[in-house]
Participant: 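Quick one: structure below, then a few questions.
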Amino acid sequence: MGISFKEVSHYYRGLKKKDITIALDKINLDIEGKGEFVSIVGKTGSGKSTMLEHMNGLTLPSEGTVQIFDYVITPKKKKNPKMKDIRKRVGYVFQFPEYQLFEETVLKDIMFAPMNFGMKEAEAKKKAIEVAKLLGIQSLLNKSPFNLSGGQMRKCAIAGILAYEPDILLLDEPTRGLDPKAAADIMRIFYDLHKKTGITIVLISHDMNIVYEYSTRIVVLNDSHLTYDGDKVELFKSGIYKDNHLTKPDVLKLIDYLNEKMGYNIDYNTFNLQELMEKVVKLHE
Ligand SMILES: Nc1ncnc2c1ncn2[C@@H]1O[C@H](COP(=O)(O)OP(=O)(O)OP(=O)(O)O)[C@@H](O)[C@H]1O
Ligand SMILES: [Mg+2]
């Protein structure tokens with residue numbers, strides 16, 4: 001088991017004693033340490049980011065326990081394990097990771113985290129170059145990270161996390177603010193990495209097209225409650241997506257239209273527009 005939530009609640013306390021926001025309410029959830037691509041979805045303020053922060057010990061539960069591999073995190077700070085050990089195994093890409101950059105060059109920035117986790121300099125350099133190639137930023141290695149575009153900065157920050165090879169990668173809206181091509185490119189990189197190495201990915205996204213294309217499983221939050229955990233096709237076949245203020249992915253809207261208006265009978269096991277076009281062409285062959 002990779003991550004296990006047992007009756008986890010999280011309260012944010014305001015200035016006054018009675019100002020309490022319940023961000024998570026008695027959540028139970030198990031995520032494998034290998035081979036899963038889980039998307040967390042739900043409307044704004046439903047508790048997604050708070051939930052992700054519990055997955056590598058950035059936030060402590062108010063009630064309940066979070067187990068991350070062999071480490072058990074409880075509401076009691078003093079009893080908790082060393083967070084550094086957990087962070088090495090579970091990498092967290094913040095919503096705007098570019099704010100975390102600080103070194104003189106992109107290369108040094110990517111090398112920082114792996115060296116901080118004990119990797120030797122030569123090995124960290126080799127690894128940094130390898131991930132920079134994977135992300136297509138190898139030509140930027142000697143530049144200052146502050147002279148890059150927003151999308152390049154984000155890739156640089158992501159490279160710094162991939163360089164220490166975590167078992168689980170947490171992504172909070174990694175495509176937000178990127179142009180459509182850059183967003184598609186970066187999702188493809190995460191997906192290929194997941195396929196190649198089996199790294200478990202936990203993704204928060206409001207983009208149902210991305211969620212439907214890549215997830216092996218979807219978790220839905222609604223007003224601090226977990227309201228769905230399971231198969232992506234089932235979620236959109238049932239009315240549950242509507243009850244949780246989600247919209248259908250474009251490919252499913254198009255399938256509904258073709259089936260209703262044109263008499264087709266295409267099933268929901270079609271995860272992007274390319275697959276749909278190929279299915280339609282095949283039906284006419
Ligand atoms: N630092 C904080 N202090 C007080 N309340 C907070 C804090 N962070 C989040 N909250 C509240 O907790 C609830 C859950 O917030 P969270 O950021 O987890 O939602 P989210 O699902 O990630 O939303 P979004 O889709 O907008 O990113 C919200 O009601 C939010 O206002
Ligand atoms: Mg959020």
Side-chain angles (χ1 to χ4, degrees), residues 3-29 31 37-66 68 73 75 77 80 83 86-87 90-100 150 153-154 157-158 161 168-178 183 186-187 190 201-215 217-230 232 235-236 240-249:
I3 298 171
S4 182
F5 280 48
K6 296 239 160 32
E7 297 288 308
V8 172
S9 296
H10 189 88
Y11 315 125
Y12 288 108
R13 287 175 207 285
L15 290 175
K16 291 191 197 129
K17 218 176 174 186
K18 63 176 185 351
D19 292 342
I20 288 183
T21 306
I22 302 175
L24 296 176
D25 197 2
K26 296 193 177 68
I27 304 287
N28 289 295
L29 176 74
I31 294 175
F37 197 123
V38 183
S39 291
I40 302 175
V41 301
K43 64 178 184 214
T44 277
S46 56
K48 302 180 298 297
S49 295
T50 305
M51 185 187 229
L52 211 65
E53 286 167 13
H54 282 78
M55 294 187 184
N56 83 339
L58 267 178
T59 304
L60 300 184
S62 307
E63 281 171 27
T65 57
V66 178
I68 303 167
I73 300 179
K77 206 173 179 177
N80 282 330
M83 292 303 169
I86 295 176
R87 307 238 163 95
V90 185
Y92 189 132
V93 179
F94 289 88
Q95 205 157 355
F96 293 100
E98 42 276 32
Y99 296 145
Q100 295 166 265
M153 280 188 192
R154 187 163 310 179
I158 290 167
I161 291 161
I168 298 179
L169 184 62
L170 310 176
L171 303 167
D172 196 343
E173 297 190 55
T175 58
R176 183 153 147 171
L178 297 181
I186 211 145
M187 282 314 304
F190 290 135
I201 291 184
V202 186
L203 167 79
I204 293 177
S205 179
H206 286 286
D207 185 332
M208 290 306 123
N209 295 330
I210 285 176
V211 165
Y212 201 62
E213 175 154 12
Y214 297 113
S215 317
R217 171 181 165 198
I218 298 182
V219 169
V220 182
L221 287 182
N222 195 348
D223 290 337
S224 75
H225 294 98
L226 194 153
T227 50
Y228 182 86
D229 178 0
K232 58 184 173 183
L235 172 64
F236 291 104
I240 300 171
Y241 77 94
K242 258 193 211 153
D243 303 340
N244 287 282
H245 312 272
L246 302 170
T247 53
K248 271 190 184 175

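Just follow the structure's listing: the first ligand is 1, and inside any ligand the first atom is 1. Hydrogens, waters and symmetry mates are skipped; everything else that's a heavy atom, side chains included, is used.
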Participant: For atom 17 (O) of ligand 1, what's the nearest protein heavy-atom neighbour? Residue, atom name and distance, please.
Facilitator: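 Of the protein heavy atoms, S49 CB, 3.9 Å lies nearest.
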
Participant: Distance from L221 atom CG to D229 atom CG, nearest 0.5 Å?
Facilitator: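 If I round to the nearest 0.5 Å, the distance is 10.0 Å.
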
Participant: With a cut-off of 2.8 Å, does any N, O or S atom of T50 fall short of it relative to the Mg ion (ligand 2)?
Facilitator: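 No.
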
Participant: Got the closest protein heavy atom to atom 30 (C) of ligand 1, with its distance?
Facilitator: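 The closest one turns out to be T21 CG2, 4.7 Å.
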
Participant: Nearest non-hydrogen contact with atom 13 (C) of ligand 1 belongs to which option: G45, G14, S224, S46?
Facilitator: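 Answer by nearest heavy atom: G45.
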
Participant: Please write down residue, atom name and distance for the protein heavy atom closest to atom 27 (O) of ligand 1.
Facilitator: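 Sorting protein heavy atoms by distance from atom 27 (O) of ligand 1 puts E173 OE2, 3.8 Å first.
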
Participant: Does the protein put a heavy atom under 4.0 Å from atom 5 (N) of ligand 1?
Facilitator: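 Under 4.0 Å from atom 5 (N) of ligand 1, at least one protein heavy atom found.
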
Participant: With atoms numbered from 1 as shown, which atoms in ligand 1 lie under 4.0 angstrom from a non-hydrogen atom of H206?
Facilitator: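 Those atoms are 25 (O).
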
Participant: In plain terms, say whether D223 and K43 are close enough for a salt bridge, that is, a side-chain N and a carboxylate O under 4.0 Å apart.
Facilitator: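 Yes, charged N to carboxylate O under 4.0 Å.
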
Participant: Donor-acceptor pairs under 3.5 Å, side chain of residues 16-27 to any protein atom, not counting sequence neighbours: which ones?
Facilitator:
{"unit_1": "D25", "atom_1": "OD2", "unit_2": "H225", "atom_2": "NE2", "d": "3.0"}

Participant: If you have a sec, work out which protein heavy atom is nearest atom 18 (O) of ligand 1 and how many Å separate them, to one decimal?
Facilitator: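 Answer, as residue, atom name and distance: T50 OG1, 2.6 Å.
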
Participant: May I ask you to check whether N222 and T227 show a side-chain donor-acceptor distance below 3.5 Å?
Facilitator: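 On atom types as modelled, these side chains do not qualify, holding no pair under 3.5 Å.
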
Participant: Distance under 4.0 Å to a non-hydrogen atom of T44: what atoms of ligand 1 satisfy this?
Facilitator: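 What qualifies from ligand 1 is 23 (O), 24 (P), 25 (O), 26 (O).
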
Participant: For R13, state whether at least one heavy atom is located under 4.0 Å from any atom of ligand 1.
Facilitator: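 Per 4.0 Å heavy-atom rule, R13 does not contact ligand 1.
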
Participant: In terms of relative ring orientation, are Y212 and F236 parallel, tilted or perpendicular, with 30° and 60° separating the classes?
Facilitator: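 Y212 and F236: perpendicular rings.
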
Participant: State if G47 counts as touching ligand 1 under the rule of any non-hydrogen atom under 4.0 Å.
Facilitator: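 Judged by the 4.0 Å heavy-atom criterion, G47 does count as contacting ligand 1.
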
Participant: Looking only at protein heavy atoms, which one is nearest to atom 9 (C) of ligand 1, and what is the separation?
Facilitator: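 The answer is Y12 CE1, 3.4 Å.
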
Participant: Look up atom CD1 in I168 and atom CG in N56, then write down how far apart they are to the nearest 0.5 Å.
Facilitator: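 Going from the CD1 atom of I168 to the CG atom of N56 covers 10.0 Å.
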
Participant: Quick one: ring-ring contact (aromatic ring centres under 6.0 Å, His included) partners of F5, sequence neighbours excluded?
Facilitator: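 Partners of F5 under the ring-ring contact (aromatic ring centres under 6.0 Å, His included) test: none.
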
Participant: Nearest 0.5 Å please: distance from the OG1 atom of T175 over to the NE2 atom of H206.
Facilitator: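 Result: 10.0 Å between the selected atoms.
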
